[in-house]
Amino acid sequence: MNSLPLPTTTKLVFAGPLGAGKTSAIAAIADTPPVSTEMPLASGAIGAKVSTTVAFDFASVRLDGDTTLMLYGLPGQEHFAFMRPVVLDGALGVVLVLNGADGDTSAQCRYWIRALAEIDATLPLVIGVTQTDRNPDFDLTALRCLLRDEGLAAPLFTFDARDREQTAQLVRALLLMLD
């Protein structure tokens with residue numbers, strides 16, 4: 001089967017819970033600073049996090065001479081869930097960003113893969129887990145088992161969302177799934 005070339009402009013969405021690193025990941029790979037809808041957390045700081053995305057983040061990165069990847073970040077809070085179908089419309093895939101320091105990473109993963117599948121079960125998905133260095137008990141095996149139980153064969157990585165090369169690796173993995 002011949003693979004089709006990407007259109008000249010494509011859309012990629014970063015999804016995941018509050019504080020996982022979606023905004024940081026977008027900023028790490030974008031060609032210019034992202035347009036962000038960050039607002040102070042109404043309930044006050046959660047750890048070091050003092051703001052949250054309320055609509056979406058947006059930036060772009062040039063993949064090659066003809067292709068621009070438009071990067072969108074979904075808000076992680078449930079009361080902004082109405083934005084998900086709007087932002088996901090027309091996306092070529094999703095990078096699901098999870099916080100490995102959260103003691104409930106598996107539950108977050110299950111919630112997000114199901115929420116995304118309700119909107120579009122055909123969207124290719126890669127999963128990146130941040131902040132695993134802050135949780136000595138973090139284990140990728142539990143997430144691999146969860147993915148298997150959910151019938152999902154998605155690439156799974158740990159990464160630093162602030163690191164351009166590590167974030168780009170997740171995007172490359174997603175683009176390879178499209179071939």
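Here the structure is a predicted model, which is why all the values come from computation and not from measurement. All residue numbers in this chain count up from 1 along the given sequence.
- At distances below 3.5 Å, not a single donor-acceptor pair connects side-chain atoms of Lys22 with backbone N or O atoms of Ala161.
- Here side chain to side chain donor-acceptor pair (under 3.5 Å) pairs that include residues 148-158, with residues two or more places apart or in two chains, are Arg110-Glu150, Arg114-Glu150.
- A donor-acceptor pair is defined here as one N or O able to donate and one able to accept, closer than 3.5 Å; no such pair exists between the side chain of Thr68 and the backbone of Val61.
- Here the CG atom belonging to Leu71 is positioned 11.5 Å from the OG1 atom belonging to Thr23, to the nearest 0.5 angstrom.
- The salt bridge (Lys or Arg N to Asp or Glu O under 4.0 Å) check on Asp160 picks up Arg162, with sequence neighbours excluded.
- Taken to the nearest 0.5 Å, the OG1 atom of Thr10 stands 4.0 Å off from the CG atom of Leu69.
- Partners of Ala101 under the side-chain contact (heavy atoms from CB on, under 4.5 Å) rule, at least two apart in sequence or in another chain, are Asn99, Gln131, Arg134.
- Between Met177 and Val126 the shortest heavy-atom distance is SD-CG1, 3.7 Å.
- Between the side chain of Thr167 and the backbone N or O of Arg164, no donor-acceptor pair lies under 3.5 Å.
- Arg144 pairs by the salt bridge (Lys or Arg N to Asp or Glu O under 4.0 Å) definition with nothing, not counting sequence neighbours.
- Evaluation of the side-chain contact (heavy atoms from CB on, under 4.5 Å) rule for Asn135 yields Asp137, Phe138 as partners, not counting sequence neighbours.
- Every side-chain contact (heavy atoms from CB on, under 4.5 Å) that Ala115 has, sequence neighbours left out, goes to Arg84, Tyr111.
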